[in-house]
A.B. asks: 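One structure coming up, written as structure tokens, with questions to follow.
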Amino acid sequence: MQALQSVNEFVIKFANVNGTGSASANNLFAKAIFRMGLPVCPKNIFPSNIQGLPTWYEVRVSERGYLGRRGGVDIMLSVNPQSMPQDIQEVEPGGYFIYDNTKPLDLRLIRSDVNIFGIPLTRMCNEEYEDPRQRQLFRNVIYVGALAALLDMDFAVLTGLVEDQFKGKDKLILPNIHALELGYQYAQKHFECPIGIRVRTADKVGDNILLDGNTALGLGAIYGGATVAAWYPITPSTSVVDAFDRYAKRLRIDPGTGRKNYAILQAEDELAAIGMVVGASWNGARAFTATSGPGLSLMSEFLGLAYFAEIPTVLFDVQRAGPSTGMPTRTQQSDVLSAAYASHGDTKQVLLFPSTPKECFDFGALSFDLAERLQTPIILMTDLDLGMNDNMSPPLTWDDTRRYDRGKVLNAEQLEEMERYGRYLDVDGDGICYRTIPGTHPQKGAFFTRGTSRDEYAVYTEKGEEYEKNMHRLMAKWETIKEWVPRPLETTSEQPTDTAILFFGTSEESSMEARDYLAEDGVPLNAMRVRAFPFNDEVESFLARHERVFIIEQNRDAQLRTLLMAEFELGPDKLKSVLCFDGNPISARNIRKQILQQMPGYNVTPLRRERLVAGAENRS
């Protein structure tokens, strides 16, 4: 059997039992690789129960800088008998399967094309520790030590991380280092180290950081000027408000009085949460909420009110697998259509699509400027993969000279000079009217905020021509919005081509990796990442220049493709779907395979939509 050989390019997956403390040890491994100067992409795949079910932690190591899921597993470290039959089948031919051999491996699971290493982790812990909890926790640390020997990792990096992690809790440092040494010494004694896959110190990280998107969003809200957060807890968005609270305690406290200059309200449900945000925003505060798909559904009517009454509103949607409860701890991009047209009637909502923690921070702060400038809801669309996993990202930066854009807000002097104030009067011809903040003037500038039809002066009316005029103005504002939202990013192939890929959010890394693979296959592709809805003229021009465009997204119903077809009145033949909706982040191999299946000359059998959907779950 030919064992896999590689340096600084591999995928390792840890198979554990949820609730056993494995996440900390697995994270220690990923951070050690990162500290050795190598780009890493860790993915925590966990169940929605508290403990007992299988959980996995996948780490992509790539000196070439590929940060998406590749597909396939080169090294599987499995300490969960419940998932072992599945785990060993995921290993690439020539790969490595490492398991706890305190109990012998079921002979039916053995594969002749996989290198199998047994380490008696449970027995080692039983002999070394008396406390049951220590036995459980240090088993995970021991296998990290063993991996350090097998992969030729810098052991000093691991010990340094332990010292950093437990700084201030010094009595925990030596026991953890001892557990690492136990694993390292066992592997050195019983196996030929290193194995074919190894790690070598490099300098490929630069000034990048490891950060989860939810933390970046919470900090972005702070820097964006938010002072009010109203939310109802829901996976996977809860840690957004947790982060906001954590940073607000440091950055939103008056240094002289100790007074809190912020408010966080846990509402009784998602309807109340968005209602509080709309009310606080109407009153002049910068307010936001964070939710996921089920919450977005419940917030739909209030989003319609904010759209029609033109009240600045910010919503962070960390998408998960739906519909209904779905898979709460799995990722998807399946709220696109429900967010874009949130609420009944003719509504269109502004969407932002970040793909990195830095963009979560930047777009999170930008959301409040856009909401006030455009006087409309801004829905920032991230997902569980970006929100809850550590991602390698450029460092967060902020220009201290930047000033908040409050948009068209009349002050007392301006109101004093006006004969009559018209809240919905389009003075500048861009569809955006002038608003006032309550209390600005003792007599002027007041208006009745309503969700019913009204004229330009906010006076109730059911005249069809007044309603129609207002709706036309909202569409004129929609055209203005296109110039304010983040523009798409385009990458041009070195070879002339009439074929392209288009994607958004967390599909970026795997899409661009697949593009490299396809170039090697003789299929050059131009690429575009859309970063906002509404789509501007650059998106329309990109689609028009290509014979076929593969729309890569993580949902069943090709929602971004549907949105593009609806907005640009395109037929279905030009836009081809590449889909993934099994709850795992889309992989580069998956994308490459689906595109090749739909390219002329590569697949003689026409690929129908139903076949595409039915087979997506089975693609690696």
Side-chain angles (χ1 to χ4, degrees), residues 64-71 332-334 336 353-356 359 381 383 385-386 486-533 535-536 538-565 567-568 570-581 585-603 607 609 612-613 615-616 619-620:
R64 292 179 292 174
Y66 290 131
L67 296 175
R69 280 190 71 230
R70 183 199 69 187
Q332 270 187 5
Q333 298 173 322
S334 53
V336 175
F353 303 121
S355 71
T356 66
E359 282 194 340
M381 310 285 290
D383 57 33
D385 178 26
L386 177 55
R487 309 190 77 79
L489 300 180
E490 186 173 345
T491 305
T492 303
S493 170
E494 294 179 357
Q495 302 296 324
T497 181
D498 63 356
T499 304
I501 54 176
L502 186 147
F503 46 85
F504 71 103
T506 53
S507 298
E508 178 186 18
E509 292 292 345
S510 294
S511 296
M512 295 303 286
E513 182 179 355
R515 178 176 175 269
D516 289 347
Y517 296 161
L518 288 159
E520 296 173 359
D521 294 326
V523 183
L525 296 168
N526 294 326
M528 173 172 278
R529 174 163 70 92
V530 295
R531 300 194 296 166
F533 175 73
F535 309 121
N536 63 16
E538 293 175 50
V539 179
E540 186 174 21
S541 173
F542 181 83
L543 296 175
R545 294 197 311 268
H546 294 91
E547 184 70 23
R548 68 181 66 83
V549 181
F550 293 97
I551 311 300
I552 301 167
E553 50 188 314
Q554 300 178 59
N555 57 70
R556 184 196 68 180
D557 294 340
Q559 294 185 28
L560 180 63
R561 176 177 180 266
T562 301
L563 197 58
L564 289 163
M565 290 169 59
E567 293 297 311
F568 294 129
L570 294 171
D573 294 338
K574 176 187 282 282
L575 305 185
K576 310 294 182 182
S577 288
V578 175
L579 305 174
C580 175
F581 52 92
I586 195 168
S587 72
R589 290 181 179 179
N590 183 345
I591 294 168
R592 172 182 176 270
K593 183 176 181 179
Q594 290 192 53
I595 289 177
L596 286 178
Q597 286 178 326
Q598 299 181 73
M599 286 296 295
Y602 283 87
N603 183 25
L607 192 67
R609 166 57 64 83
L612 183 67
V613 170
R619 298 186 180 97
S620 62

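All values derive from a computational prediction rather than experimental measurement. The figures here come from the full heavy-atom set of this structure, side chains too, leaving out hydrogens, waters and symmetry mates.
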A.B. asks: Atom OG of S510 and atom CD of Q554: how far apart are they, to the nearest 0.5 Å?
C.D. replies: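 Rounded to the nearest 0.5 Å, the OG-CD separation comes to 7.5 Å.
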
A.B. asks: Could you please spell out the steps behind the side-chain contact (heavy atoms from CB on, under 4.5 Å) verdict for M512 and F503?
C.D. replies: CA-CA 10 Å; M512 295 303 286; F503 46 85; 3.6 Å; yes

A.B. asks: Evaluate F533 against E567 for side-chain contact (heavy atoms from CB on, under 4.5 Å), listing each step before the verdict.
C.D. replies: CA-CA 10 Å; F533 175 73; E567 293 297 311; 3.6 Å; yes

A.B. asks: Just checking, any donor-acceptor pair under 3.5 angstrom between side chains of S541 and R545?
C.D. replies: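 Side-chain D/A pair, S541 to R545: present.
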
A.B. asks: If you measure from CG on N590 to CZ on R70, what distance do you get to the nearest 0.5 Å?
C.D. replies: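 Going from the CG atom of N590 to the CZ atom of R70 covers 13.5 Å.
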
A.B. asks: For the residue pair P600 and R548, what are the closest heavy atoms and their distance?
C.D. replies: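 Heavy atoms only, the tightest pair is CG-NH2, 3.5 Å.
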
A.B. asks: Measuring only between side-chain heavy atoms, which start at C-beta, is R515 closer than 4.5 Å to T491?
C.D. replies: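 Counting from C-beta outward, R515 and T491 do come under 4.5 Å.
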
A.B. asks: Taking atom NZ of K574 and atom CD of E547, what is their separation to the nearest 0.5 Å?
C.D. replies: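 Answer for the NZ-CD pair, K574 versus E547, is 6.5 Å.
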
A.B. asks: Measure the shortest side-chain to side-chain distance between I591 and I586 over non-hydrogen atoms and say whether it is less than 4.5 angstrom.
C.D. replies: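 They are in contact (side-chain heavy atoms under 4.5 Å apart), so the answer is yes.
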
A.B. asks: Please give me the minimum heavy-atom distance between F353 and A532, naming the atom from each residue.
C.D. replies: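 Scanning both residues, the minimum pair turns out to be CD1-N, 3.6 Å.
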
A.B. asks: Does some side-chain heavy atom of M565 sit less than 4.5 Å from a side-chain heavy atom of P572?
C.D. replies: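 Side chain of P572 against side chain of M565, heavy atoms only: contact under 4.5 Å found.
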
A.B. asks: Find the distance between CZ (R592) and CD (E520) and round it off to the nearest 0.5 Å.
C.D. replies: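 That separation rounds to 8.5 Å.
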
A.B. asks: Begin with the C-alpha distance, continue with both residues' side-chain angles, and end with the deciding distance and a verdict on side-chain contact (heavy atoms from CB on, under 4.5 Å) for Q332 and R556.
C.D. replies: CA-CA 9 Å; Q332 270 187 5; R556 184 196 68 180; over 6 Å; no

A.B. asks: Would you call S577 and I551 a side-chain contact if the rule is heavy atoms closer than 4.5 Å?
C.D. replies: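 In short, these two side chains do not touch, never coming nearer than 4.5 Å.
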
A.B. asks: Under the ring-ring contact (aromatic ring centres under 6.0 Å, His included) test, which residues partner F542, sequence neighbours left out?
C.D. replies: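 With sequence neighbours excluded, F542 shows a ring-ring contact (aromatic ring centres under 6.0 Å, His included) to H546, given in chain and number order.
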
A.B. asks: Flag the pair Q559 / Q333 as yes when at least one side-chain heavy-atom distance between them is below 4.5 Å, and no otherwise.
C.D. replies: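 Result no, sub-4.5 Å side-chain heavy-atom pair not found.
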
A.B. asks: Checking the side chain of D383 only, and the main-chain atoms of D385 only, is there a donor and an acceptor separated by less than 3.5 Å?
C.D. replies: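 Yes.
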
A.B. asks: How many angstroms lie between CZ in R69 and OG1 in T506, if you round to the nearest 0.5 Å?
C.D. replies: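 Rounded to the nearest 0.5 Å, the CZ-OG1 separation comes out at 11.5 Å.
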
A.B. asks: So F581 and D557, do their side chains get closer than 4.5 Å, heavy atoms only?
C.D. replies: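 The answer is no; the side chains never approach within 4.5 Å.
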
A.B. asks: Stepwise, does the side-chain contact (heavy atoms from CB on, under 4.5 Å) test hold for E508 with L489?
C.D. replies: CA-CA 11 Å; E508 178 186 18; L489 300 180; 5.7 Å; no

A.B. asks: Donor-acceptor check, side chain of R531 to backbone of R487, threshold 3.5 angstrom: yes or no?
C.D. replies: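 Yes; judged by distance alone, with no hydrogens or angles, the pair exists.
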
A.B. asks: So, for P488 and V539, which heavy atoms are closest and what is the spacing to 0.1 Å?
C.D. replies: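 Shortest heavy-atom separation between P488 and V539 comes out as CG-CG2, 3.8 Å.
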
A.B. asks: Can you find a heavy atom in the side chain of V578 that is under 4.5 Å from one in the side chain of Q598?
C.D. replies: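 In contact.
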
A.B. asks: Could you tell me which non-hydrogen atom of F568 sits nearest to which non-hydrogen atom of N536, and how far apart they are?
C.D. replies: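 For F568 versus N536, the nearest heavy atoms are CZ-O, 4.1 Å.
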
A.B. asks: I need the minimum non-hydrogen distance between L525 and I595, along with the two atoms involved.
C.D. replies: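 So the two residues come closest at CD1-CD1, 4.4 Å.
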
A.B. asks: Which pair of heavy atoms, one from G505 and one from S355, lies closest together, and at what distance?
C.D. replies: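 For G505 and S355, the tightest heavy-atom pair comes out as O-CB, 3.2 Å.
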
A.B. asks: Can you find a heavy atom in the side chain of L564 that is under 4.5 Å from one in the side chain of L502?
C.D. replies: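 L564 reaches L502 side chain to side chain.
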
A.B. asks: Just how far is it from atom CG of L560 to atom CZ of F504, taken to the nearest 0.5 Å?
C.D. replies: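 Interatomic distance, L560 CG to F504 CZ, rounded to 0.5 Å: 5.5 Å.
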
